[in-house]
Amino acid sequence: MKIVDAVWEKRNLGVDVTEIVCEASDSKEELISALSKVKAPYSVCKVPSGAVELLLCAQEQGYQVIEMSIGMEGKTKALSLPRIYQRFASEISVRDANEEQTEQVLREIEFGSIFKTDRIALDPHFGEAAAGKRYANWTRDLIEQGAHVCIGYYKDIPAAFGVNIDRAGAVSDAILGGALNTGTKIGLGFLSLYTNLTSAIRNENARMKTHVSSNNLPVIHLHLQFGFQIGEMQYVLIKHQ
């Protein structure tokens, strides 16, 4: 079990945050002891899928399930644009974002309307504006650590973005993806995932992984259409006090 004082979240959410990450081998007694020591106004408890005793224990301590975090993964050679979208392929291109485009993407993320199914956006204590600020800050940090932004174009119109940490011969971590305002209007919801995948393939990653929320069923279906498989799941519970 890991107990983390998530100090970086104070910048994003305006409150102290504690995160408790459970292992399947943790006991109910260990979890009760850990949760009893939490003093932060907002805390998050993550429990592996199938660890029902821990899940029920956390709920007995006042935590509420807000989502399941679903880890999706696959070999890049086995992932591809679904047949239903291949009619768009000749009009699609993916390019690395320049500095100005990266800032534009960060502004759209911070605006808060992209990630409506995020647990922060859905939490009445926070909302979409807080979720946008949180994701924008997180993305800036990741870019400083080596992540990069790529843009998906449809008929030369920038319509989607992806944020990847690419590692040649290893695993690409598709951190974020989303439609830009133009992409939303065109109706190319699949293009953000295609943008992440194209970047991973170009940078010779052997595998690709990402995480999606159980609150976003269309995106889960989309990943399965691309050929992703579910690698792991976590219950995510929250508590305000």
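Throughout, numbering of the chain's residues begins at 1 and tracks the sequence. Given the structure is predicted, the values throughout are model-derived calculations rather than measurements.
M68 and L54 fall within a single hydrophobic cluster, where Ile, Leu, Val, Met, Phe, Trp and Tyr are joined by side-chain heavy atoms under 4.5 Å apart, directly or via other members.
Side-chain contact between Y85 and L188 is absent, with no heavy atoms from C-beta onward closer than 4.5 Å. In this structure, the side chains of V149 and L176 stay at 4.5 Å or more apart for every pair of heavy atoms.
Considering CD1 of I20 and OH of Y63, their distance stands at 4.0 Å, rounded to 0.5 Å.
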For a side chain to side chain donor-acceptor pair (under 3.5 Å) check, start with the C-alpha distance between D166 and S199, then their side-chain angles and the critical distance, and finish with the verdict. CA-CA 8 Å; D166 288 320; S199 174; 2.7 Å; yes
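For Q234 and H211, the side-chain atoms include no donor-acceptor pair closer than 3.5 Å. Counting only N and O atoms by type, the side chains of N203 and N205 include no donor and acceptor under 3.5 Å apart.
One finds no salt bridge joining K2 and E19 here, because no Lys/Arg side-chain nitrogen approaches an Asp/Glu carboxylate oxygen to under 4.0 Å.
With sequence neighbours left out, F126 forms a ring-ring contact (aromatic ring centres under 6.0 Å, His included) with Y42, H240.
W8 forms part of a hydrophobic cluster together with V4, V7, judged by ILVMFWY side-chain heavy-atom separations under 4.5 Å. Listed by chain and number, the hydrophobic cluster partners of V52 are L56, where partners are ILVMFWY side chains within reach of under 4.5 Å, directly or through others.
Residues F190 and F88 place their aromatic rings such that the two centres sit under 6.0 Å apart.
Among the candidates T76, N164, N196, the single residue satisfying the side chain to side chain donor-acceptor pair (under 3.5 Å) test with S172 is N164.
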